[in-house]
Amino acid sequence: MHIYKPEQEPAVRSLGPENLLLKGATLKNTKKIYGVSVYTGMETKMALNYQGKSQKRSAVEKSINAFLCVYLCILISKAVVCTTLKYVWQSKEGQDEPWYNQKTQKEKDTFMYLKMFTDFLSFMVLFNFIIPVSMYVTVEMQKFFGSFFIKWDNDFFDPEIKEGALVNTSDLNEELGQVEYVFTDKTGTLTQNNMEFIECCIDGFQYRQRDVRSELDGFTVTDGPVHKLQPKAGVEKEELFLRALCLCHTVQVKEAGSEETLGDRLDGMLPKPEEERGFIASSPDEVALVKGAMKYGFTFLGLENKKMKIRNRQNDIEEYSLLHVLNFDPVRRRMSVIVQTRSGETLLFCKGADSSIFPRVRPEEVDRIRLHVERNATEGYRTLCVAYKQLTAEEYMVAETGLQDARLALQDREEKLMAMYNQLETGMSLIGATAVEDRLQEEAAETMEALQGAGMKIWVLTGDKMETAKSTCYACRLFQRGTELLELTVRTLEDGRSKREERLLELLRDYHKRAVQDAPPVRTGVVTRSWCGSQEYGFIIDGATLTLVMNPPRDADASLYRSLFLQICQNCTTVLCCRMAPLQKAQIVKMVKNSKGSPITLSIGDGANDVSMILEAHVGIGIKGKEGRQAVRNSDYAIPKLKHLKKLLLAHGHLYYVRIAHLVQYFFYKNLCFILPQFLYQFFCGYSQQPLYDAAYLTMYNICFTSLPILAYSLLEQHICIEILLDNATLYREIAKNAMLRWRPFLYWTLLGIFQGLMFFFGVRFLFSNPALQDNGQVFGNWSYGTIVFTVLVFTVTLKLALDTRHWTWLNHSAIWGSLAFYVFFSFFWGGIIWPFLKQQRLYFVFANMLSSVSAWLVIIILILLSLLPEILLMVLRKPRGPLSRQKKPGQSNVGGIPSSQSSARPLLMRTFSDESNTVILTDGCCHTSLLQASEGALLTGAVGWDHQSSLTSADLHPLRFNKTQQRFQLESHDSKSHKTAPSRHFLL
């Protein structure tokens, strides 16, 4: 862009992504701007994204399509059978043209095969109600209204940001209950992304902040590279390092007068008002480093007219001209600035990851810093290395020309800029390194433990160092002390004996043998833990090695590398992928998503670098963190904190899946019950396409009579209360792998529909074997027959849903009993009035006349009871099986805000032993507790260290004896010297 000013030479400025003003952007410290309109017409975002990304489809939708194909085959089979039998029956003498129904000449001249085809279509129309078209409408309504329960859940509200959960799509509610793999980012997801400067290393010496009043300069030297007290680094090195922290960033200072800039100076050693100033930056790391420099005497005062001002320890103002900013990008993993001092010196300051800085500095300088960087990373701190380079006038002119040409290039601008950046960032001098702490998210460890207990595999995909990420995994309990870590990184590949590719294949085969071939078989969907007796494995891989796995040499078998890698990862409880680029995150998710079995994947992240994996996974979760809203906007669901993921999956996801699975099966079942009597009726009416039900009943069966009860059920049902679902993560496994929509449950519902359909038709036919059903001696006709069948049908399928309901609310009562009352009212109303707009009124006074017969009443009641008898017997005789036998707690519910009115007891009692008194607290899982006093020497049998999510055998039980002196239970061992104190944990007695 050329900028023309009066009496001045036109200035040429390049335009890049950093110049774009996005929606909602705020300009700071800017009086005026020169703008240009870009990306117009067909280059606008709307035009370019017209097709959009592909629609995500849930596993439930795929099951619906499969069931629909089965019912479509049933429909065609019925039509074919009836059409065939019709012409077989008419082939008999006298049946084709009876004396009372002579054919017209047109009918006689009609082509035979055309008549057969017409009859086939007629039967298709007659039986088409077996296809539950209204189910799709009900499913969409259930998904739409059900998504509001996530938004309305107060447990998802975060008072810090004053926001709750966000639902961007309601099509995937049930997928939340089917997740098998969770891919999570580290920074901002597992951690708070709230950076705090901890320590730094300058010229090989460690500096850690203590009380600033104990040191004149604010520094305290702890241990040097040989772990003993050492003299401090030179003052010049210290000040050069702090200047680098104050200058190498893109931080902006908040305007004066805001609350953050106000402070009270009590004495000379306390922070100055400038130390309380506020900062705005694209990354919290930069703010943490600037604030860390402020603690030690160097304060960044701001940027104005390309002039960066800092205040040093002597309270002198230093001014630097900002010449160029070499922006950070995930490929280079570093950023640099070129500044000029008042004396005319040109300096380049660079900070970045150790893997990108160390190769660009002298090796002898690396050895002094590497020890501190690795130690800080092991402790879980985020590390950055700082380097500088002094440019001569000639070097700067070459760099200025090269950068200007690269930025003005219309083609390959990014590649040319990258080449110039790499050329400038070589031959630097390493000054030191920083350590910044990013604390774990609230309840991060508990959340990850619950997800693993639910059978999910956790993959951590991060761009951080391996040591930092590994420390975070241990802190989140993803890696346990007994976990055997299988490491596949650049460090393990460089053994010096063989090529990297050969070493990679060797390690893959070795790890495959240990983790897959030699490992005991594990049940599908069950994540083992080390205390279960079998060895637990964790896998670690870095970005460079992953590139070799995904893109091996041409002469190698690419499928072999990927197959070995994937099988190893699938047999590990946790996989850690470090030093990952955003594209690699998406590749990992896609590889697992397309693996054998097509497991349901979930990706969760908070930043723009997580968008690719969020879009790739079946379910994308965005966290409303401190890295913008890109992840939230591109996600399917958004939550304020990681801890909310536990309830979103274990409670909401579980309930959503159970509700919609029951809805789907129920719709196919009730339509089969509806049409089967219509099919059987054709055998008794000469296959004449005579309908059994009135047209009004055919129309309103799915629309009015049976739609509201199942809709209310699919929105409000809670077969297990939410508190139990959260406390027992293993319940999630019972619905894994689309358990409720497999072929076996589908076959059960189909057989139940066939049984009840046969009961409806032949039960009423048995009634009609006696012609005198009325007191006046008159007989019932065709429409009375169909009305009785339809009445039994409506009451049976509705009461079947009432039997399945575990969580009764006033809405359920209104929907179920209101639908039955509406059917009775409509039948009286429809048949009790002569409607002038109807040419014929088949049901005139039929319903009222039917109910005047005691025999009709008796048959209706008996058939309803006989049809529901198998369900009632199953409910009575079925033994309680695990946690699913538990009912809801009395009066507790927070999904939909509807109180519950049912309760029952769990078959197993959860006992919690208190180590503060001799009291045993007995808990039945429904918050009913009782107390027992434990006497001296009381001997109980329990399982030490197990919680209620685990299954036990007799071999897992150990005797426990109460010690009144120590006020705690102890393991009763065969060896009297090996008594162990049992901590305050859950025990199964």
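Residue numbers run from 1 in the order of the sequence given.
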What are the two closest non-hydrogen atoms of [X] and [Y], and how far apart are they?
X      : Y      : answer
Leu650 : Ala454 : CD2-CB, 3.6 Å
Val797 : Tyr666 : O-OH, 2.7 Å
Asn738 : Ser63  : ND2-OG, 2.6 Å
Ala729 : Ala450 : CB-O, 3.3 Å

Return the [atom1] to [atom2] distance between [X] and [Y], rounded to the nearest 0.5 Å.
X      : Y      : atom1 : atom2 : value
Lys143 : Leu172 : NZ    : CG    : 7.0 Å
Ile816 : Leu799 : CD1   : CG    : 8.0 Å
Leu602 : Leu176 : CG    : CG    : 7.5 Å
Leu676 : Ile74  : CG    : CD1   : 10.0 Å
Phe795 : Thr798 : CZ    : OG1   : 8.0 Å
Ser819 : Phe826 : OG    : CZ    : 13.5 Å

Any chance you could lay out the side chain to side chain contact (heavy atoms under 4.5 Å, CB included) test for Ser134 and Phe667, step after step, and finish with the verdict? CA-CA 9 Å; Ser134 61; Phe667 255 97; 3.4 Å; yes
Verify, without hydrogens or angle tests, whether [X] (side chain) and [Y] (backbone) share a donor-acceptor contact under 3.5 angstrom.
X      : Y      : value
Trp857 : Leu851 : yes
Tyr657 : Ala736 : no
Gln178 : Ile735 : yes
Ser147 : Phe144 : yes
Tyr732 : Val179 : yes
Asp804 : Leu801 : no
Asp153 : Asp155 : yes
Arg57  : Asp171 : no
Tyr71  : Phe668 : yes
Asn168 : Ser635 : yes

Please lay out, stage by stage, how Ile621 and Asp636 fare under the test side chain to side chain contact (heavy atoms under 4.5 Å, CB included). CA-CA 6 Å; Ile621 308 290; Asp636 302 306; 5.9 Å; no
More than 12 foreign heavy atoms under 6.0 Å from CZ of Phe117: is that the case here? no
Does the gap between the ring centers of Trp743 and Phe746 come in under 6.0 Å? yes
Does this structure show an ion pair linking Lys737 with Glu180, if we count only N-O contacts that are shorter than 4.0 Å? yes
Does the distance from a Lys or Arg side-chain N to an Asp or Glu carboxylate O, for Glu871 and Lys800, drop under 4.0 Å? yes
Decide whether [X] and [Y] meet the rule of one side-chain donor and one side-chain acceptor closer than 3.5 Å.
X      : Y      : result
Asn702 : Lys670 : yes
Asp119 : Ser122 : no
Glu175 : Ser58  : no

Less than 4.5 Å apart, side chain to side chain, heavy atoms only: is that true for [X] and [Y]?
X      : Y      : value
Phe67  : Gln665 : yes
Ile130 : Phe674 : no
Phe822 : Leu708 : no
Pro691 : Leu126 : yes
Met740 : Val60  : no
Met850 : Thr791 : yes
Asp158 : Glu163 : no
Thr787 : Asp694 : no

Member of [options] meeting the ring pair (Phe, Tyr, Trp, His ring centres under 6.0 Å) criterion with [X]:
X      : options                : value
Tyr701 : Tyr693, Phe790, Tyr823 : Phe790
Tyr713 : His719, His807, His662 : His662
Phe761 : Phe755, Tyr785, Phe679 : Tyr785

With sequence neighbours left out, what residues match [X] under side-chain hydrogen bond (donor to acceptor under 3.5 Å, both in side chains)?
X      : answer
Asn671 : none
Ser827 : Tyr697
Thr83  : none
Lys643 : Glu442

Whether Phe123 and Phe127 hold their rings parallel, tilted or perpendicular, with breakpoints at 30° and 60°: parallel
Any side-chain hydrogen bond (donor to acceptor under 3.5 Å, both in side chains) involving residues 672-691? Give me the pairs, sequence neighbours left out, ordered by first then second residue. Tyr681-Asn782
Step-by-step side chain to side chain contact (heavy atoms under 4.5 Å, CB included) determination, Ile675 to Lys78: CA-CA 10 Å; Ile675 290 301; Lys78 285 183 177 181; 3.6 Å; yes
Kindly indicate, with the supporting measurements, whether the criterion salt bridge (charged side-chain N to carboxylate O under 4.0 Å, His left out) is fulfilled by Lys647 and Glu723. CA-CA 10 Å; Lys647 186 175 185 181; Glu723 289 76 12; over 6 Å; no
Given the options Leu68, Val70, Leu75, Leu72 meets side-chain contact (heavy atoms from CB on, under 4.5 Å) only with Leu75
Apply the test side chain to side chain contact (heavy atoms under 4.5 Å, CB included) to residues Met135 and Val664: give CA-CA distance (whole Å), side-chain angles for both, the deciding distance (0.1 Å), then the verdict. CA-CA 7 Å; Met135 178 187 65; Val664 171; 4.2 Å; yes
All N/O donor-acceptor pairs, side-chain side in residues 860-870, below 3.5 Å, sequence neighbours left out:
{"from": "Ser867", "atom 1": "OG", "to": "Leu863", "atom 2": "O", "distance (Å)": "2.7"}

